[in-house]
Amino acid sequence: MQKVTARSTALALVCFALTLVLVTAAQVRLAASGQAATPITVASAIATQNGSSATVRGYVVGQPTATSTVVTSGFPNDYALALADAPGESSTSRMVYVQIPAAFRSSFGLASNPALMGRQLDVTGALTSYFAHPGLKDGTTFAVVGNGGGGGGGAIPTGYYDAAAGRTGTALRSALHGIIDDHTGVSYATVWTALQETDEDPSNPDNVIEFYSGESISKTLNGGDPDDWNREHTWAQSHGDFGTATGPGTDLHHLRPTDVTVNSTRGNKDFDNGGSAVSECPDCFTDSNSFEPADQFKGDVARALFYMAIRYEGDDGWPNLELNESTSNGSVPLHGKISVLLAWHAADPVSAAEIRRNDIIYDDWQHNRNPFIDHPEWAESIW
């Protein structure tokens, strides 16, 4: 009996060592080729629970709280989520349970980001059991699927973009304008309240996140003092002289809470790379006619301006807003620099915070959406 056991053990060790060699060799070949990991399905992830690293693509369908329990509302914390190959999946046997490391909880935990339900994510981690269930642990990357092809990742109202289907260029631009132009306007005074919801700090519901700088500040510290936050027009008011009457001057898709000093430094400048460092805004830069936000907000800036150029076409009493290559636009209804904005859009993909913000504006305030958050690929088709 002992001899058989010893042989079995030895054979098992040899097989295990051979497996490690083969896996390592495959990883070396992949690294040497410079190829990014191709996402696998949730079904494949469930069938490959061997501790190997993989990128799994799936729809967020809830939060696991036990081996056979996944909740779809009233999320208790930001520690886990469940992915499935279909957005409406209800069988836990067809789900993979994803552990969310601390670094990703504020952006991808469901207690903080319930709007992620129904969104499609790519998550890279180790294929290993979690909650005694097929899982993905020790995640190194979390990303919403969609930048560069296929949409922002999820729960866009059924039929919302039907008029834009199959269109490109001028035809796409016209269709999108028709979809988003009949929105519910809000007053400039109401913007204070709206921004407290749209830009709430997911880690502290008493605070908002300041645009450009990323600082968290109390919702009550809004006003005009140097350390307050105020209402920043990403598309500068003077670029079209539209003021703060209900319309482009109060459109939440481009209005953001911003540090008063940083807002003053930005002024009405166009957007471009370079310049001197900006006080109170780490990684922001400015010169005489342009402003560069921190990297984490560059895509947000671009998509806000793309929206404004499509929403306001001069057919409703407001100026026809357009994007161009200039950084000296002054008071004309133009904003630049389009080539830089497109580069920022590509380099800084749509985030979970942007998706949440887009949903809130649609559901609670204006009842229209930013198409370039839902379908980032449309920017290149138009510009």
Side-chain angles (χ1 to χ4, degrees), residues 16 19-20 23-24 26-27 30 36-147 150-156 201-203 205 349-356 359:
F16 178 70
T19 299
L20 286 178
V23 170
T24 302
Q27 291 173 334
L30 182 62
T38 300
I40 65 173
T41 65
V42 170
S44 295
I46 292 171
T48 318
Q49 292 288 295
N50 59 7
S52 62
S53 178
T55 298
V56 180
R57 175 169 293 180
Y59 292 93
V60 179
V61 292
Q63 179 178 359
T65 57
T67 301
S68 301
T69 305
V70 171
V71 298
T72 57
S73 63
F75 306 110
N77 52 53
D78 290 325
Y79 297 164
L81 57 81
L83 296 180
D85 285 325
E89 184 60 68
S90 59
S91 173
T92 59
S93 66
R94 290 189 288 272
M95 299 177 188
V96 66
Y97 293 175
V98 179
Q99 176 195 55
I100 306 177
F104 298 100
R105 289 172 189 162
S106 64
S107 295
F108 290 92
L110 288 174
S112 297
N113 305 277
L116 281 174
M117 282 291 291
R119 308 294 184 181
Q120 195 176 34
L121 303 184
D122 279 352
V123 183
T124 302
L127 295 169
T128 188
S129 178
Y130 186 45
F131 280 100
H133 181 94
L136 189 67
K137 296 176 67 175
D138 303 321
T140 57
T141 61
F142 285 70
V144 176
V145 176
N147 192 44
I156 300 165
D201 183 347
S203 299
V350 174
S351 66
E354 278 184 278
I355 291 172
R356 174 183 176 275
D359 288 341

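If you're wondering where the values come from, they're calculated on a predicted model, not measured in any experiment. Position 1 is the first residue of the sequence; numbering continues from there.
Thr48 contributes a side-chain N or O that, together with a main-chain N or O of Ser44, makes up a donor-acceptor pair within less than 3.5 Å. At distances below 3.5 Å, not a single donor-acceptor pair connects side-chain atoms of Glu89 with backbone N or O atoms of Ala86. Of the possible donor and acceptor atoms, one in the side chain of His133 sits under 3.5 Å from a partner among the backbone N and O of Thr92. Distance alone, capped at 3.5 Å, is enough to place a donor-acceptor pair between the Thr67 side chain and the Phe131 backbone. Under the 3.5 Å distance criterion, the side-chain polar atoms of Gln120 are left unmatched by any main-chain donor or acceptor of Arg57.
In this structure, the side chains of Thr38 and Thr55 stay at 4.5 Å or more apart for every pair of heavy atoms. With contacts defined as side-chain heavy-atom distances shorter than 4.5 Å, the pair Ile46/Leu127 does not qualify. Annotation: side chain of Val144 is not in contact with side chain of Pro349 (no heavy-atom distance under 4.5 Å). Proximity of Tyr79 to Arg105: side-chain heavy atoms (C-beta onward) are separated by under 4.5 Å at one or more points. Looking at heavy atoms from C-beta onward, Ser112 lies out of side-chain contact with Ser106 at the 4.5 angstrom threshold. The side-chain heavy atoms of Pro76 and Val71, taken from C-beta on, include a pair separated by under 4.5 Å. Within the 4.5 Å cutoff, the side chain of Thr72 has heavy atoms near those of the Met117 side chain.
Taking both residues in full, the closest heavy atoms of Ala80 and Pro64 are given as CB-CG, 3.9 Å, listed atom of the first, atom of the second, then distance. Considering all non-hydrogen atoms of both residues, Gly51 and Ala126 come closest at O-CB, 4.0 Å. Here the closest heavy-atom approach between residue Gln99 and residue Asp138 is recorded as OE1-N, 2.9 Å. Residue Thr128 comes nearest to Lys137 through the heavy atom pair CG2-CD, 3.4 Å, listed as atom of the first residue, atom of the second, then distance.
Of the inter-residue distances, the one linking Leu83 atom CG with Leu136 atom CG reads 7.5 Å to the nearest 0.5 angstrom. Rounding to the nearest 0.5 angstrom, the gap separating the CG atom in Leu116 from the CZ atom in Phe142 is 10.5 Å. Here the CZ-CZ distance, from Phe108 to Arg119, works out to 12.0 Å after rounding to the nearest 0.5 Å. From Ile100, atom CD1 reaches atom CG of Asn113 across 9.0 Å, with rounding to the nearest 0.5 Å. Summarising the geometry, atom OH belonging to Tyr97 is positioned 10.5 Å from atom OG belonging to Ser129; distances are rounded to the nearest 0.5 Å. Between the CG atom in Asp85 and the OG1 atom in Thr41 there is a gap of 5.0 Å [rounded to 0.5 Å].
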For this session: Report the C-alpha distance between Leu110 and Val60 in whole Å, list the side-chain angles of each, state the deciding distance to 0.1 Å, and finish with yes or no for side chain to side chain contact (heavy atoms under 4.5 Å, CB included).
Result: CA-CA 9 Å; Leu110 288 174; Val60 179; 3.9 Å; yes
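Ser52 and Asn50 are linked by a side-chain donor-acceptor pair at a separation below 3.5 angstrom, with hydrogens and angles left out of the test. No side-chain N or O of Asp78 forms a donor-acceptor pair with one of Gln63 less than 3.5 Å apart.
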